[in-house]
Amino acid sequence: MSTDTNKATVERMWRALSEMDWQTMKSCMHPDIHYEDVPSDDPGADGPDNCVKRLQIAFNHLQKQEQVTHHIAADGDVVFLDHTEKWTFKSGEKAQHSFATMHEMKDGLVYRWSDYWDMQTFVSQFPEWFIEEMIKASSADFSD
């Protein structure tokens, strides 16, 4: 696929994430996708359904999630995204943080998704109740 097509797919996936449009998001993912938050201890998620299950553990507690793209660059089948996520929890608290995200594309779909971010800075903004909810989750919640 062309770099423009790859960038458009990544932009579509992130727009769908902000809208919590899980079906559109999955349509941007390769069947063999692997998604990971690099600074976390969990092993990540494989396959579109498990990726969405993993995201929903946190996103089910959000009223909205906004994306601000600062830069997007593509070189062949690699798309880099420099962005800020702004989270508004259902209880009203807010958190925001910048991420660097690397996407490897295959057959025009996101095949590898790796988020790089400062865990301590972002998590320190989370309400205590949310951290308690996240502690309850394990990789068994998003693996087949």
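No hydrogens, no waters, no symmetry mates; every other heavy atom, side chains included, goes into these values.
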OG1 (Thr24) and CG (Leu17) are apart, to the nearest 0.5 Å, by 11.5 Å
When rounded to the nearest 0.5 Å, the distance separating NE2 of His61 from CE of Met134 is 4.0 Å
All heavy atoms of His70 vs all of Thr84, minimum pair found to be NE2-OG1, 2.6 Å
For His83, the ring pair (Phe, Tyr, Trp, His ring centres under 6.0 Å) test, sequence neighbours excluded, returns Trp14, Phe99
- Task: Report yes or no: do Gln125 and Gln96 form a side-chain donor-acceptor pair below 3.5 Å?
- Result: no
Those residues at least two apart in sequence (or on a different chain) that pass side chain to side chain donor-acceptor pair (under 3.5 Å) with Arg12 are Ser27
Contacts satisfying salt bridge (Lys or Arg N to Asp or Glu O under 4.0 Å) that involve residues 38-50 (not counting sequence neighbours) are Lys26-Asp49, Asp42-Arg54
task = Classify the side-chain pair Asp82/His71 by whether it contains a donor and acceptor separated by less than 3.5 Å.
result = yes
* So do His103 and Met105 actually touch side chain to side chain, heavy atoms under 4.5 Å? -> yes
Sequence neighbours excluded, the answer for side-chain contact (heavy atoms from CB on, under 4.5 Å) partners of Lys94 is Thr88
In short, salt bridge (Lys or Arg N to Asp or Glu O under 4.0 Å) pairs touching residues 117-137 with sequence neighbours left out are Glu133-Lys136
Students should find that the hydrophobic cluster of Met102, defined by side-chain heavy atoms under 4.5 Å apart, otherwise consists of Val38, Val78, Phe80, Tyr116
_With a 3.5 Å distance limit and no angle check, can you tell me whether Asn6 reaches the backbone of Gly76 through a side-chain donor-acceptor pair?_
yes
